[in-house]
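Here is the structure we will look at, set down as structure tokens.
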Amino acid sequence: MKKLEQIYEGKAKKVFATDDPGIVIVDYKDDATAFNGQKKGTIAGKGVVNNKVSNHFFRLLESKGIPTHYIEQLSDRETAVKRVQILPIEVIVRNRAAGSFSKRMGVAEGTALACPILEFSYKNDELGDPFINSYYVRALNLATDEEMEKVKTYSFAINDILSAYLDALGIELIDFKLEFGRSEGKVILADEISPDTCRFWDKATGKKLDKDRFRRDLGDVEEAYHEIIRRLMGE
Ligand code: UDP
């Protein structure tokens, strides 16, 4: 497989075409942004951590029957993935109150929830990713009902798989964001699952091991990202 021209550059990743029209290469950067791009910085080594951590989770999910875009890790920062059409919907799963949920609902961070929450927002930076529900998805033709059923089923299954896996490593999965894509008429998991897109709290100490350390200037940002890779892969 040959890496060809760059076709897209996002906040945390670049995407390159390959000589196979069905495959693209994702290249993870160290750039970090928060609050819809208002806060910018660099986290040394983040691209390597996110690439490896995301691939580790995607392989685990594939082994448990969740279809994903993952094909093969090519280097520390590069991974070959299936080219998909990304659904313009960010899916958030919450197990404990935190972040924007705590703010919006007036519920203190860390409060337990009686059941997991599934939440959708419209993937549009200019609009600040506004909150939507399944009626918006249907009314604006963002995805079919059939596709949304898959999105919901996969999201809860992913939550069960990742929560159990991380629990055994002493990490609580507080919440996370998923993106799905269409590939050959099917819905598959795409984008990434990493400390940029999840809240990971150490079970013993409650220490935040994710991007909140950058968002909130908590310090030890690089260390937290490396702690995640250490627990997952022993590196
Ligand atoms: N998240 C993300 N990208 C976004 C918004 C949220 O990856 O554009 C993740 C975030 O890291 C957290 C979860 O989704 O793990 C829930 O985020 P929340 O809605 O609480 O927003 P935040 O407080 O991050 O603004």
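For the single chain, residues carry numbers from 1 onward in sequence order. Remember, it's 1-based here, ligands and their atoms both numbered in the order they're listed.
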Considering heavy atoms of the protein only, find what lies nearest to [atom] and give residue, atom and distance to 0.1 Å.
atom                    : answer
atom 8 (O) of ligand 1  : Glu90 OE1, 3.3 Å
atom 12 (C) of ligand 1 : Asp175 OD1, 3.1 Å
atom 20 (O) of ligand 1 : Ser100 N, 2.9 Å

Can you sort out which atoms of ligand 1 are near [X], meaning under 4.0 Å from one of its heavy atoms?
X      : answer
Gly99  : 20 (O), 23 (O)
Cys198 : 11 (O), 15 (O)
Ala98  : 20 (O)
Asp129 : 8 (O)

(request) Would you please say whether a donor-acceptor pair under 3.5 Å links the side chains of Gln73 and Thr79? (result) no
(request) State whether a side-chain donor-acceptor pair under 3.5 Å links Asp175 with Asn95. (result)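 Side chains of Asp175 and Asn95: no pair found under 3.5 Å.
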(message) To the closest 0.5 Å, what do you measure between SG (Cys198) and NZ (Lys211)?
(response)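 Going from SG on Cys198 over to NZ on Lys211, the span is 11.5 Å.
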(message) Nearest 0.5 Å, please: how far is CZ in Phe180 from CE in Met148?
(response) 9.0 Å
(message) Just to check, does Asp196 reach to within less than 4.0 Å of ligand 1 when the distance is taken from its heavy atoms?
(response) yes
(request) Would you verify that at least one protein heavy atom lies under 4.0 Å from atom 25 (O) of ligand 1, or report that none does? (result)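 Given the 4.0 Å cut-off, atom 25 (O) of ligand 1 does not count as touching protein heavy atoms.
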(request) Go through the structure and list residues passing side chain to side chain donor-acceptor pair (under 3.5 Å) with Glu184, not counting sequence neighbours. (result)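 For Glu184 there are no side chain to side chain donor-acceptor pair (under 3.5 Å) partners, ignoring immediate neighbours.
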(request) Answer side chain, backbone, both or neither: which part of Ser121 comes under 4.0 Å from ligand 1, heavy atoms only. (result)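 Under 4.0 Å from ligand 1, Ser121 contributes no heavy atoms.
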(request) Mind checking whether Ile92 contacts ligand 1 via backbone (N, CA, C, O), side chain (CB onward), both or neither, at a 4.0 Å heavy-atom cut-off? (result)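 Side chain only; the backbone of Ile92 stays clear of ligand 1.
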(message) Going by ring pair (Phe, Tyr, Trp, His ring centres under 6.0 Å), name the pairs with one or both residues in residues 139-165, residues two or more places apart or in two chains.
(response)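 As it turns out, the ring pair (Phe, Tyr, Trp, His ring centres under 6.0 Å) pairs with a partner in residues 139-165, which skip direct neighbours, are His56-Tyr165.
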(message) On a heavy-atom basis, which atom in Ala143 and which in Arg182 lie closest, and how many Å separate them?
(response) CA-NH2, 3.8 Å
(request) Determine, for Glu9 against Lys29, whether the closest basic-nitrogen to carboxylate-oxygen distance falls under 4.0 angstrom. (result)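 Salt bridge: yes.
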(request) Ignoring hydrogens, just give me the one of Arg199, Lys123, Lys103 whose non-hydrogen atom is nearest atom 22 (P) of ligand 1. (result) Arg199
(request) Using heavy-atom distances, let me know which of Arg215, Glu192, Lys211, Lys177 sits nearest atom 10 (C) of ligand 1. (result) Arg215
(request) Establish, for the pair Lys14 and Tyr8, whether the NZ or CZ atom is under 6.0 angstrom from the six-membered ring centre and no further than 45 degrees off its axis. (result)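 Output no; distance or angle outside limits.
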